[in-house]
Engineer: 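What follows is a single structure, and I will ask about it in a moment.
In this text the structure is predicted, and so the values were computed from the model without any measurement. Hydrogens, waters and symmetry mates are skipped; everything else that's a heavy atom, side chains included, is used.
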Amino acid sequence: MTKTALQSDRTYDLAIVGAGPVGTTLAILAANRGFSVILIDARDPDAVLRQDTRTFAIVRGSWRLLGAAGVTEALCGLTEPLNGLEAIDGGTHWFGAPGVLFGNEDLPDDPDGQPLGQMVPAAALQARLDEACGKTDGIDWVRGQLFEAMVTGPAGATLTLSGGSRIETRLVAACDGMKSSVRAAAGITTEGHDYNQSVFAANVKLARPHGGIARQLFTPEGPFATLPMPDNRANLAWYMKRGAAEAMAAMSVEDINAELNARFAEFAGPMEIDGLYSAYPLVMQLATRMVGARTALLGDAAHRINPLAGQGLNLGFKDVGALIDVMCEARDVGLDPGSDVSLERYEKWRRFDATAAAMFMDGIDRAFTNDSNFLKPLRGLALTLAQRVAPLRQALARQASADQEHLPSLMR
């Protein structure tokens with residue numbers, strides 16, 4: 001039974017700080033595998049929920065992980081199949097704009113007939129995960145309290161919450177976001193940089209059918225992307241210089257529509273804003289380590305990458321799957337899941353992949369966000385090869401969809 005009261009005389013197998021999609025999914029999966037779990041959720045249960053206009057591209061491997069958490073059926077009717085990814089270089093070229101499109105046909109057949117991925121509204125995903133968490137035995141769910149401090153020792157960790165409560169646990173999972181308090185308490189530093197760009201984000205109605213294709217146009221100022229949503233709508237991300245996106249978000253809907261269509265109607269067809277819109281700064285941040293004493297970092301607490309290909313949350317779900325596998329394997333051989341040996345295995349598994357993804361997205365942004373006469377032929381050649389060489393296109397599709405044999409067991 002899920003409880004909201006603490007059991008002060010209990011030592012948990014796993015304490016999770018942060019109840020976003022990554023933390024809540026981890027709680028459900030760990031409890032379903034027999035681990036005792038406490039989920040520390042800073043959200044006030046009585047507060048009015050803030051509207052969230054984001055839409056996540058949940059790729060095939062991550063969708064399998066969510067299926068294991070029992071939420072995919074509850075999301076039916078709220079998602080849009082992601083059938084393909086298209087990237088076009090919009091800089092000036094002598095012979096047209098090169099591009100690449102890969103889709104479901106470039107992937108191995110899925111037993112359940114799943115496409116490359118699913119586009120899922122962020123608010124719907126969190127709501128369904130919360131419902132599943134509330135029905136999962138083995139989770140003590142503490143809401144409306146903040147993590148304040150942590151002391152670690154040879155046998156476990158003691159957490160202190162804002163209400164004065166103390167929690168004993170063998171392993172702490174930091175799922176508390178980019179400004180992670182747990183990461184700071186563990187003494188883990190970060191590195192990265194500010195792109196001096198911001199993203200204008202909104203949902204739009206499209207006049208032209210999107211066909212379930214996520215499309216991205218690279219311009220010298222930055223990418224412009226449309227991600228498919230139900231009812232022929234799209235979630236768009238427009239990269240601009242810092243300040244320009246914020247200025248756009250302060251404009252009237254009529255002026256935004258006029259600017260969008262003047263710039264991008266040829267690419268995406270006529271469109272108009274549908275609902276709220278916002279702007280946010282673009283940064284890259286990587287933790288120098290993914291583990292500390294009795295502590296594992298997951299999701300944005302470990303890595304905040306350029307959202308070019310929508311891989312941020314999917315990297316977090318890979319972290320979840322890897323930590324579940326590591327915990328189960330440790331228990332099977334009689335090891336403590338929070339021991340240094342177990343955590344070292346988690347870090348070796350996830351550190352390289354997360355760093356490689358961050359560097360790759362960073363490199364793509366640097367290579368394409370310009371109109372360099374030197375880089376244009378090189379990136380045009382790269383896109384042309386990716387489009388015409390089937391094995392290369394298929395490898396890219398498998399990487400983008402998290403449909404590979406070396407991934408955590410729940411994603412295969």
Side-chain angles (χ1 to χ4, degrees), residues 20-21 48-58 75 77-88 90 97 99 117-127 195-283 306-313 365 368-369:
V48 177
L49 292 179
R50 184 179 61 182
Q51 286 189 290
D52 192 337
T53 60
R54 295 174 299 165
T55 299
F56 294 127
I58 307 296
L75 287 167
L78 301 173
T79 65
E80 177 71 21
L82 180 60
N83 295 318
L85 299 170
E86 182 179 33
I88 298 173
Q118 297 283 347
M119 298 303 304
V120 184
L125 175 61
Q126 187 66 64
Y195 286 94
N196 198 30
Q197 287 180 299
S198 293
V199 179
F200 175 78
N203 293 333
V204 295
K205 295 179 181 178
L206 299 175
R208 182 188 301 170
H210 56 56
I213 305 297
R215 307 184 69 219
Q216 190 153 252
L217 177 70
F218 290 99
T219 76
E221 294 79 23
F224 177 85
T226 57
L227 307 175
M229 295 175 62
D231 302 321
N232 208 47
R233 296 178 299 130
N235 180 252
L236 67 81
W238 183 359
Y239 290 57
M240 305 180 190
K241 290 183 178 180
R242 181 67 49 76
E246 289 80 2
M248 178 72 68
M251 292 166 55
S252 68
V253 172
E254 293 76 16
D255 288 342
I256 296 173
N257 284 335
E259 187 68 20
L260 278 173
N261 286 290
R263 293 284 303 275
F264 301 110
E266 184 177 349
F267 169 71
M271 68 193 96
E272 60 181 49
I273 295 291
D274 181 29
L276 299 177
Y277 46 89
S278 62
Y280 59 88
L282 186 63
V283 298
N306 193 312
L308 269 175
Q311 291 297 307
L313 181 57
D365 182 77
F368 282 84
T369 304

Engineer: For L313 and L125, run side chain to side chain contact (heavy atoms under 4.5 Å, CB included): C-alpha distance rounded to whole Å, both residues' side-chain angles, the deciding distance at 0.1 Å, then the answer.
Structural biologist: CA-CA 12 Å; L313 181 57; L125 175 61; 4.0 Å; yes
Engineer: Using 0.5 Å steps for rounding, measure from the CG atom of L236 to the CG atom of N203.
Structural biologist: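 Nearest 0.5 Å value for the CG-CG distance: 7.5 Å.
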Engineer: For the residue pair L75 and A124, what are the closest heavy atoms and their distance?
Structural biologist: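 Shortest heavy-atom contact: CD2-O, 3.8 Å.
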Engineer: Got a sec, which pairs hit side-chain hydrogen bond (donor to acceptor under 3.5 Å, both in side chains) with one end in residues 238-250, sequence neighbours left out?
Structural biologist: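 Those involving residues 238-250 are D194-R242, S198-R242, S198-E246, Y239-N306.
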Engineer: Which distance, rounded to the nearest 0.5 Å, do you find between the CZ of R215 and the CG of L85?
Structural biologist: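 If I round to the nearest 0.5 Å, the distance is 12.0 Å.
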Engineer: Answer yes or no: is there a side-chain heavy-atom contact under 4.5 Å between L78 and P230?
Structural biologist: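 Heavy-atom side-chain distance check fails, nothing below 4.5 Å.
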Engineer: Please give me the minimum heavy-atom distance between P228 and I213, naming the atom from each residue.
Structural biologist: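 Reported closest heavy-atom pair: CD-O, 3.7 Å.
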Engineer: Could you tell me which non-hydrogen atom of V199 sits nearest to which non-hydrogen atom of A237, and how far apart they are?
Structural biologist: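 Heavy-atom minimum between the residues: CG1-CB, 3.8 Å.
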Engineer: For S252 and Y277, which heavy atoms make the closest approach, and how far apart are they?
Structural biologist: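 Heavy atoms only, the tightest pair is C-OH, 4.1 Å.
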Engineer: If we ignore hydrogens and angles and just use 3.5 Å, is the side chain of N235 paired with the main-chain N or O of A201 as donor and acceptor?
Structural biologist: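 Checked: no pair found.
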Engineer: Measuring from atom NZ of K205 to atom CG of N232, what distance do you get when rounded to the nearest 0.5 angstrom?
Structural biologist: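 CG of N232 is found 11.0 Å from NZ of K205.
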Engineer: Mind checking what makes salt bridge (charged side-chain N to carboxylate O under 4.0 Å, His left out) contact with R208, not counting sequence neighbours?
Structural biologist: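 Listed in chain order: nothing, the list is empty.
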Engineer: With respect to F224, which candidate in F264, F200, F368 satisfies the ring pair (Phe, Tyr, Trp, His ring centres under 6.0 Å) definition?
Structural biologist: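 With F224 as partner, F264, F200, F368 yield a single ring pair (Phe, Tyr, Trp, His ring centres under 6.0 Å), made by F264.
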Engineer: Hey, could you give me the CD1/CZ distance between I88 and F267, rounded to the nearest 0.5 Å?
Structural biologist: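 One finds 5.0 Å between CD1 of I88 and CZ of F267.
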Engineer: M229 versus D274: any side-chain heavy-atom pair under 4.5 Å?
Structural biologist: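 Of all side-chain heavy-atom pairs linking D274 with M229, none is under 4.5 Å.
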Engineer: State, yes or no, whether a side-chain contact exists between T226 and V204 at a heavy-atom distance under 4.5 Å.
Structural biologist: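 No, every pair of side-chain atoms sits at 4.5 Å or beyond.
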Engineer: For a quick test of reading the model, state the closest non-hydrogen atom pair linking P121 to M119 and the distance between them.
Structural biologist: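 Reported closest heavy-atom pair: CD-O, 4.0 Å.
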Engineer: Of all heavy-atom pairs between G211 and N83, which one has the smallest distance, and what is that distance?
Structural biologist: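 Reported closest heavy-atom pair: O-ND2, 3.3 Å.
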Engineer: Do Q197 and T369 pass the side chain to side chain contact (heavy atoms under 4.5 Å, CB included) test, and can you show the C-alpha distance, the side-chain angles, and the key distance before you say yes or no?
Structural biologist: CA-CA 11 Å; Q197 287 180 299; T369 304; 3.9 Å; yes
Engineer: Measuring from R263:CZ to E221:CD, what's the distance to the nearest 0.5 Å?
Structural biologist: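 Answer for the CZ-CD pair, R263 versus E221, is 5.5 Å.
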Engineer: If you round to the nearest 0.5 Å, how far is CZ of R54 from CG of L227?
Structural biologist: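 L227 CG to R54 CZ: 13.0 Å, rounded to 0.5 Å.
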